[in-house]
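When a residue number appears, it is its place in the shown sequence, counting from 1.
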Amino acid sequence: MLALVTDDVAHHVNQGAVRHGRAAFAEFCAHMGRSYAERLVDVVILAAPDGTRAAAEFTVHGTYLATDPGLPEARGQTYALPAGSFFALRGGRIARVTTYYNLQDWIAQVSG
């Protein structure tokens, strides 16, 4: 996905600050790869006819590998979480990514 984002991509994370730029997005992706092993299933993609916007709805099946600051301790817990991402497209690349999921649901699953 990193190859598909613009240099000035805006990454709006669920319940977090906006990250700006390809380097910040790459750092986020690397962190996610260390902390979580995730697989997306039941992916449904929607796109605007003019090609400027798209969305994806999916379920995340994951394993919590390494503790994220401020979140429960990681002990290899598994989870399944519905989520959605919204994209703004420019010049055939992704200029904005906004992802939503229910953080409280995830916390309940990894805490139980």
Side-chain angles (χ1 to χ4, degrees):
M1 187 173 174
L2 188 58
L4 300 176
V5 299
T6 60
D7 290 338
D8 65 343
V9 65
H11 180 212
H12 298 250
V13 295
N14 194 68
Q15 300 189 26
V18 178
R19 292 179 174 88
H20 296 279
R22 183 188 305 257
F25 188 70
E27 182 180 302
F28 171 82
C29 292
H31 168 78
M32 290 297 291
R34 288 187 303 272
S35 299
Y36 308 88
E38 295 183 328
R39 180 174 52 90
L40 307 184
V41 299
D42 302 325
V43 178
V44 176
I45 298 172
L46 308 153
D50 66 1
T52 61
R53 297 246 198 292
E57 181 181 17
F58 47 88
T59 302
V60 180
H61 288 261
T63 303
Y64 189 25
L65 303 174
T67 303
D68 245 337
L71 295 175
E73 182 180 346
R75 299 180 317 276
Q77 307 93 308
T78 59
Y79 52 91
L81 191 67
S85 291
F86 301 88
F87 307 94
L89 308 172
R90 180 178 2 108
R93 295 187 178 265
I94 301 167
R96 178 185 47 82
V97 179
T98 305
T99 302
Y100 292 106
Y101 56 89
N102 185 329
L103 181 59
Q104 295 307 312
D105 181 14
W106 180 85
I107 290 172
Q109 289 185 51
V110 301
S111 295

Requested in this report: Please test Leu81 against Asp105 for side chain to side chain contact (heavy atoms under 4.5 Å, CB included), starting from the C-alpha separation and ending with a verdict.
Outcome: CA-CA 8 Å; Leu81 191 67; Asp105 181 14; 3.4 Å; yes
**Report entry** ILVMFWY cluster, Phe25 and Val13 together (side-chain gap under 4.5 Å)
**Finding:** no
Requested in this report: Please round to the nearest 0.5 Å and tell me the distance separating atom OG1 of Thr78 and atom CD of Gln109.
Outcome: 8.0 Å
Report task. First locate atom CG of Asp68, then atom CD of Glu73, and finally report the distance between them rounded to the nearest 0.5 Å. Result -> 12.5 Å
**Report entry** Straight-line distance of Thr67 OG1 to Arg75 CZ, nearest 0.5 Å
**Finding:** 8.5 Å
**Report entry** hydrophobic_cluster_shared for Leu4 and Phe28, side chain cutoff 4.5 Å
**Finding:** no
Query - Non-neighbouring partners of Pro72 that pass side chain to side chain contact (heavy atoms under 4.5 Å, CB included), sequence neighbours left out - result: Trp106, Ile107, Val110, Ser111
Report summary line: Heavy-atom closest pair (Tyr100 atom, Asn14 atom, distance to 0.1 Å) is CA-OD1, 3.4 Å
Query raised in the report: Same cluster or not: are Ile94 and Val43 linked, directly or through other Ile, Leu, Val, Met, Phe, Trp or Tyr residues, by side-chain heavy atoms under 4.5 angstrom apart?
Result: no
Report task. Would you kindly confirm whether Val18 and Val9 end up in one hydrophobic cluster when ILVMFWY residues are joined by side chain heavy atoms under 4.5 Å apart? Result -> no
Side-chain donor-acceptor contacts of residues 83-92 below 3.5 Å, not counting sequence neighbours, with atom names and distances?
unit_1 : atom_1 : unit_2 : atom_2 : d
Ser85  : OG     : Thr99  : OG1    : 2.9
Arg90  : NH1    : Asp8   : OD1    : 3.4
Arg90  : NH2    : Asp8   : OD1    : 3.2
Arg90  : NH2    : Asp8   : OD2    : 3.3

Report task. Could you tell me whether the side chain of Glu38 reaches within less than 4.5 Å of the side chain of Tyr79, counting heavy atoms only? Result -> yes
Query raised in the report: Out of Met1, Arg19, His12, which one pairs with Val97 under the side-chain contact (heavy atoms from CB on, under 4.5 Å) rule?
Result: Met1
Report summary line: Between the CZ atom in Arg53 and the CZ atom in Arg96, the distance rounded to the nearest 0.5 Å is 5.5 Å
Query - Test log, rule side chain to side chain contact (heavy atoms under 4.5 Å, CB included), inputs Tyr36 and Leu65 - result: CA-CA 5 Å; Tyr36 308 88; Leu65 303 174; 5.6 Å; no
Requested in this report: Working to the nearest 0.5 Å, report the span between CD of Glu57 and CG of Asp42.
Outcome: 9.0 Å
Query raised in the report: Are Val41 and His61 close enough that some pair of their side-chain heavy atoms sits under 4.5 Å apart?
Result: yes
Query - Verdict with supporting geometry, Leu2 and Arg22, side chain to side chain contact (heavy atoms under 4.5 Å, CB included) - result: CA-CA 7 Å; Leu2 188 58; Arg22 183 188 305 257; 3.6 Å; yes
